[in-house]
Amino acid sequence: MAGNGRGACHHGVVRALVTGGAGFIGSNIVDRLLRDGYDVAVLDDLSSGRIENLPADIELFRGEVSDADLVAKAVAGCEVVFHQAAHRAVLRSVEQPLATNNANVTGTLTVLTAARDAGVRRFVGASSSSVYGGADIRPTPETATLLPRSPYAVSKLTGEHYGRVFWELFGFETVNLRYFNVYGPRQRPDSQYAAVIPLFIDALRTGVDPEIHGDGKQSRDFSFIDDVVEANICAAIAPAPDCAGKAYNVAGGRAYDLLELLDMLAGHLGVTYTPRFAPSRAGDVRYTLADISAADHDLGFRASVAFVEGLRRTVAWFR
Ligand SMILES: NC(=O)c1ccc[n+]([C@@H]2O[C@H](COP(=O)([O-])OP(=O)(O)OC[C@H]3O[C@@H](n4cnc5c(N)ncnc54)[C@H](O)[C@@H]3O)[C@@H](O)[C@H]2O)c1
C-alpha cells in the first residue's frame with residue numbers, strides 16, 4: 001500500500017507508539033506508519049516478538065505494558081497509540097490465566113491510563129473475534145451476544161470495556177478492533193501456540209503431514225495482515241463521534257474450512273499431503289464469520305485482499 005502522507009500534518013510529524021511493535025501485527029503497523037511519514041516508537045518486551053522485525057534505528061522501549069513508568073516514558077509526545085502487545089494464545093491463557101490477565105488486562109489499563117494522562121488523542125486497541133465465543137448468528141454483527149470462553153477472550157473483552165469506559169468517563173478517544181484470524185508475512189510457525197496458517201505452511205513445506213484438530217470442517221473468517229494494518233490506520237483517523245468507545249469487526253467477510261485451506265496452500269506450494277486428525281482443542285470455537293458492515297460505515301474500512309492472494313503472498317514470504 002502506498003504511503004499517503006497522513007502521518008504529516010501542518011504542525012509537523014505525528015508521533016505514534018506501537019505496543020507489541022516487534023510482533024507479527026505490530027511490526028507490520030510500524031512499517032506502514034514509517035512509510036506514511038509518522039515518527040514511530042515501539043514498546044515491547046520481546047517475549048514473542050523479534051527485534052529483527054524492526055528497523056535498526058527504531059526507538060524501542062524494552063519492557064512490559066504493565067510497567068507504568070516505562071509506558072509513561074513511551075507515550076510522551078504521542079498523538080496515537082496502537083496497542084498490540086498481549087499474550088495472544090487461547091491455549092496459553094487456559095494454562096496460565098494470571099499471566100495472561102497481567103499482560104492483557106493490567107497491561108491495557110496501564111497503557112490507557114498513561115495515554116490519557118499524556119494527552120494522547122486516540123487509542124486503537126487490538127481485540128479479538130474470541131469475545132463472541134462462537135456466536136450462533138453468522139455473519140456475526142458487533143451487537144451479537146458476547147460470551148468469552150477462555151481467559152484470553154475474557155481479557156480481550158475486558159480491554160474493550162476499559163476502552164469504552166475511558167471514553168464515557170474521561171472523553172478519551174478509544175477504538176477497539178476485533179480481529180478475526182489474522183495471517184500473513186512475519187507470523188511465526190515456531191511456537192506451540194502458533195496459528196493454523198503458518199503451521200500448515202511449515203508442515204507442507206517440510207513434508208510433515210499437517211495435523212488437524214477435529215474433523216477439519218471448522219471454518220474461519222481470515223484477515224490478511226495488510227487489511228488489518230489499514231483498519232488500524234482508519235481507526236486512528238475516523239471522526240470520534242462515529243467510533244469512539246466502540247469495537248469493530250475486522251475480517252475478510254468470508255469463511256473457509258481447514259480442509260479447503262490445506263488444499264489452497266498445497267496448491268500454492270505444489271505439494272500433496274495426508275492430513276492427520278487429532279482431538280479438538282479446549283476453548284476453540286467451530287465457526288467464525290464476521291459482519292463487516294459497521295467498520296465500513298463508521299471507519300471507512302473494507303478488506304481488499306482476497307484470500308487466495310493473501311495466501312499466495314504469505315507462502316511467498318515463507319520461501
Ligand atoms: N494474530 C491474530 O490472529 C490475532 C487475532 C485477534 C487478536 N489479536 C491480537 O493482536 C495483537 C497482536 O498479536 P500478534 O498476532 O501480532 O501476536 P505477537 O505475539 O506476534 O505480538 C505480540 C507482541 O507483544 C509483545 N508482548 C507480549 N506481551 C507483552 C507485554 N506484557 N509487554 C510488552 N510487550 C508484550 C510480544 O513480544 C510481541 O512482540 C494481540 O493483542 C492479539 O491479542 C491477534
Side-chain angles (χ1 to χ4, degrees), residues 1-21 25-43 58-59 74-85 108 111-112 114-128 142 159-160 162-164 166-168 170-180 182 184 223-253 290 292-305:
M1 240 164 279
N4 57 12
R6 278 170 183 151
C9 70
H10 58 281
H11 31 249
V13 172
V14 173
R15 184 170 165 84
L17 174 69
V18 183
T19 73
I25 298 172
S27 67
N28 280 284
I29 294 175
V30 168
D31 285 352
R32 169 72 187 271
L33 292 173
L34 290 171
R35 278 206 302 280
D36 284 1
Y38 286 78
D39 172 24
V40 182
V42 165
L43 189 150
I58 195 83
E59 189 177 350
V75 294
C78 288
E79 182 178 326
V80 188
V81 172
F82 297 92
H83 177 47
Q84 306 300 309
T108 297
V111 175
L112 278 168
R116 177 203 62 183
D117 292 349
V120 168
R121 179 185 56 80
R122 179 73 55 92
F123 168 100
V124 181
S127 186
S128 161
E142 287 81 353
E160 285 189 12
Y162 273 126
R164 176 181 53 76
F166 267 58
W167 166 245
E168 290 172 2
F170 311 122
F172 178 56
E173 297 177 14
T174 64
V175 181
N176 270 285
L177 302 178
R178 293 177 181 160
Y179 304 154
F180 282 64
V182 189
S223 319
F224 187 61
I225 183 64
D226 289 9
D227 285 327
V228 172
V229 170
E230 175 67 15
N232 273 272
I233 302 292
C234 291
I237 62 182
D242 294 343
C243 63
K246 296 186 190 161
Y248 295 93
N249 292 340
V250 170
I292 50 177
S293 55
D296 186 0
H297 185 266
D298 290 0
L299 307 178
F301 165 72
R302 202 178 294 172
S304 68
V305 181

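For Tyr162, the OH atom sits in a loose shell: 12 or fewer heavy atoms of surrounding residues, nucleotides or ligands are nearer than 6.0 Å.
Atoms CD and CG, on Gln84 and Leu17 in that order, are 10.5 Å from each other to the nearest 0.5 Å. Summarising the geometry, atom OG belonging to Ser27 is positioned 7.5 Å from atom CD1 belonging to Ile225; distances are rounded to the nearest 0.5 Å. Summarising the geometry, atom CG belonging to Asn28 is positioned 8.5 Å from atom CD1 belonging to Ile25; distances are rounded to the nearest 0.5 Å. The OG atom of Ser127 sits 10.5 Å away from the NE2 atom of His83 when rounded to the nearest 0.5 Å. A distance of 7.0 Å separates CZ of Phe123 from OG1 of Thr19, quoted to the nearest 0.5 Å. The distance from atom OG of Ser293 to atom CG of Asn249, rounded to the nearest 0.5 Å, is 8.5 Å.
Remark: the backbone N or O of Val305 is paired with a side-chain donor or acceptor of Asp227 at under 3.5 angstrom. Ser223 places no side-chain N or O within donor-acceptor distance of the main-chain N or O of Val228, the cut-off being under 3.5 Å. Here the side chain of Glu230 pairs no donor or acceptor atom with the backbone of Phe301 at under 3.5 angstrom. Although no hydrogens or angles enter the test, the distance criterion places no donor-acceptor pair under 3.5 Å between the side chain of Ser128 and the main chain of Arg178.
You'll find the side chain of Ile29 stays beyond 4.5 Å of the side chain of Ile233, heavy atoms only. Taking 4.5 Å as the limit, every side-chain heavy atom of Leu43 sits out of range of all side-chain heavy atoms of Val111.
When the options Asn176, Thr174, Val124, Val175 are evaluated for a side-chain contact (heavy atoms from CB on, under 4.5 Å) with Cys243, the one that passes is Val175.
With sequence neighbours left out, the salt bridge (Lys or Arg N to Asp or Glu O under 4.0 Å) criterion links Glu173 to Arg121, Arg122. The salt bridge (Lys or Arg N to Asp or Glu O under 4.0 Å) check on Asp296 picks up Arg302, with sequence neighbours excluded.
Here the closest heavy-atom approach between residue Ala76 and residue Arg15 is recorded as O-NE, 3.4 Å. Gly253 and Ile292 get closest at one heavy-atom pair: CA-CD1, 3.9 Å. Taking all atoms of both residues into account, the shortest heavy-atom contact from Gly184 to Phe224 is CA-CE1, 3.9 Å. The shortest heavy-atom contact between Cys234 and Gly300 is SG-O, 4.0 Å. Residue Phe180 comes nearest to Ala290 through the heavy atom pair CZ-CB, 3.6 Å, listed as atom of the first residue, atom of the second, then distance. Ala118 and Val75 get closest at one heavy-atom pair: CB-CG2, 3.7 Å.
Judged as a side-chain hydrogen bond (donor to acceptor under 3.5 Å, both in side chains), the pairs with a partner in residues 235-248 (not counting sequence neighbours) are, in order, Tyr248-Asp298.
Arg116 forms no cation-pi arrangement with Phe172, by the criterion of a distance under 6.0 Å to the ring centre and an angle within 45° of the ring axis.
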request  = Show your working on side chain to side chain contact (heavy atoms under 4.5 Å, CB included) between Leu177 and Phe82 and close with a plain yes or no.
outcome  = CA-CA 11 Å; Leu177 302 178; Phe82 297 92; over 6 Å; no
